Amino acid sequence: MVSIYSFCFPLLSFLLADAAESWQVSFQDPATPIMQGIIDFHHDVFGFMLFILGFVLWIISRTLWHFTISESYRPDNEVVAKIVHNSFVEIVWTVAPSFMLIAIAVPSFALLYSMDEVVEPSVTLKVVGHQWYWSYEYADYAIDDTTAVVYDSYIIPEDDLELGQLRLLEVDSRVVLPSNTHIRVIVTAADVLHSWAVPSLGIKCDAVPGRLNQVSIYMQRFGVFFGQCSELCGANHGFIPIVVESVSFDDFIIWLEAKISEI
Amino acid sequence: MSSSNSLASWLFGSSVVRAEEAEEEAAAAVEEAEEEEEAKPEIKVQTAPFDARFPTMNQTKHCYTRYNEFHKCVKEKGEDCEDCNFYARAYRSLCPSEWVEKWNEEREAGNFAGKY
């Protein structure tokens, strides 16, 4: 399928690829409020962690410095000789960490419960994991049980890649979804465990045979987002990528209409 | 028709109205549309709604319940009743097509485990 962005991808792929990058340390660029929330929470916790790390390293190094044998036997070193117990210190180093834990827990629970917020979805996408490909179903406009838009999505082998495409990440049929729309994604599997993961959207959802797992996404921008299967599922577990293309609602309808007419 | 279109565009935005018109063309292409009624069927952009009976991530029972509710509706109200369309659309949106095929085959063989 030729997307409307395909003309610029080979030239500008370094700008537009919401995909893993070489030597990457940080998160991929967020496209949903959930992923933005995860990144913000990560920054909160990381700040606390750095403070705790610095404080603990300082205390340990000061302790080691003052309580070496040579220091403790110095006659003028009153501090070392007199420290045997201190209830006040013990209370402080119990209460202060509990405050820090509360400070970490507040944004954590805010994010966790916001992810469970129920918003009426407008589109439902079904994702079925197979060995070793994904299949996608858009059945909102199916007239009967057999006329849903269903298609398989296989990895593009390395030999068939075009210039600018990403190795191990490109697929022959992408998932096309509208931006700025509440979408319900139902994930399941047909054989063994898989996991449908797209980091830019903040999604990682296990695909369990016999179970339907629901996640909701709301993409705030256009783009093409890449992910990979995240649950060991056999020999080709590393070769089942996911590509989600976020387009305008009009373009989504045009694409869906074209898919329906192919049935 | 134009007044309902302008109402729809006020409620949902002009892109949705165009989407509806595109969807209507697509639906007409798929169906062998005998229903060339004067008022075109208003196809809203919608999917299975949130069901408070199934608020969590596991929607397996939601799909199965909608499928059973559809057949219960068909049994109680008859095959051509419009009310059953809601349940039909809901289970088609939620349930993987393999599951629906398997259940339909079980029904035909008389092996379906549900009540209706």
Side-chain angles (χ1 to χ4, degrees), chain A residues 115-116 118-130 135-150 178 180-190 205-206 208-216 248-263, chain B residues 12-33 35 41 43-52 54-67 70-71 85 88-105 107:
Chain A
M115 286 163 68
D116 278 345
V118 170
V119 182
E120 202 67 50
S122 306
V123 176
T124 297
L125 167 72
K126 276 174 283 182
V127 176
V128 185
H130 305 259
S135 66
Y136 301 108
E137 296 181 23
Y138 298 75
D140 292 331
Y141 306 105
I143 310 299
D144 58 41
D145 288 351
T146 55
T147 54
V149 174
V150 182
N180 292 300
T181 312
H182 290 283
I183 300 165
R184 170 205 275 131
V185 182
I186 304 265
V187 182
T188 186
C205 185
D206 279 0
V208 182
R211 180 185 168 106
L212 302 180
N213 279 331
Q214 171 183 277
V215 291
S216 70
S248 69
F249 200 90
D250 290 348
D251 286 339
F252 171 68
I253 293 294
I254 292 169
W255 174 85
L256 196 60
E257 179 188 286
K259 279 284 187 183
I260 288 173
S261 63
E262 287 170 18
I263 296 175
Chain B
F12 301 112
S14 58
S15 65
V16 172
V17 174
R18 272 178 278 144
E20 291 175 8
E21 291 163 359
E23 272 306 304
E24 287 164 8
E25 291 168 15
V30 171
E31 292 176 330
E32 287 110 9
E35 21 188 328
I43 303 172
K44 276 193 284 187
V45 175
Q46 62 180 5
T47 185
F50 166 71
D51 191 339
F54 311 102
T56 55
M57 206 166 155
N58 187 356
Q59 296 287 298
T60 318
K61 270 292 177 65
H62 189 183
C63 143
Y64 189 61
T65 302
R66 288 295 188 208
Y67 182 79
F70 170 72
H71 287 288
N85 278 346
R89 283 198 312 267
Y91 86 72
R92 284 179 198 135
S93 283
L94 289 167
C95 302
S97 51
E98 292 103 349
W99 293 20
V100 174
E101 279 169 28
K102 187 178 74 141
W103 291 333
N104 287 342
E105 284 167 15
R107 300 185 79 84

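Each chain gets a letter, A, B and so on, in the order its sequence line appears, and its residues count up from 1. Note that the structure is predicted; figures quoted are calculated from it, not measured. Any value given below was found using the heavy atoms of this structure, including those in side chains, with hydrogens, waters and symmetry copies removed.
Interatomic distance, CZ of B:F50 versus NE2 of A:H182, reported as 14.0 Å (0.5 Å rounding). Taking CG of A:L212 as the reference point, atom NZ of B:K61 lies at 12.0 Å (rounded to 0.5 Å). Taking CZ of B:R92 as the reference point, atom OG1 of A:T124 lies at 14.0 Å (rounded to 0.5 Å). Residue B:Y67 holds its OH atom at 7.0 Å from CG of A:D145, rounded to the nearest 0.5 Å. Rounding to the nearest 0.5 Å gives a distance of 8.5 Å between NE2 of B:H62 and CD of A:Q214. To the nearest 0.5 Å, atoms CZ (A:R211) and SG (B:C63) are separated by 13.5 Å.
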Step-by-step side-chain contact (heavy atoms from CB on, under 4.5 Å) determination, B:M57 to A:M115: CA-CA 11 Å; B:M57 206 166 155; A:M115 286 163 68; over 6 Å; no
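The candidate from A:C205, A:A190, A:G210 with the greatest count of non-hydrogen atom pairs under 4.5 Å with chain B is A:G210. Between chain B and the residues A:T146, A:V150, A:D144, A:D116, the most heavy-atom pairs under 4.5 angstrom are made by A:D144. Contact count versus chain A (heavy atoms, under 4.5 Å) is highest, among B:A52, B:C95, B:P55, for B:C95. In terms of heavy-atom pairs under 4.5 angstrom with chain B, the leader among A:V128, A:T188, A:V123 is A:V123.
For A:V215, the part lying under 4.5 angstrom from a heavy atom of chain B is the side chain only. Using a 4.5 Å cut-off between heavy atoms, A:A148 makes no contact with chain B at all. Proximity to chain A (any heavy atom under 4.5 Å) is restricted, for B:N104, to the side chain, taken from C-beta onward.
Of all non-hydrogen atoms in B:V45 and A:S122, the two that sit nearest each other are CG1-O, 4.0 Å. Contact between B:A48 and A:P121 at its shortest, heavy atoms only, is O-CG, 4.2 Å. When all heavy atoms of A:K126 and B:L94 are compared, the pair lying nearest together is CD-O, 3.4 Å.
Panel note: side chain A:E137, backbone B:S97; a donor-acceptor pair is recorded below 3.5 Å. In this structure, the side chain of A:R184 does not engage the main chain of B:T47 through any donor-acceptor pair within 3.5 Å.
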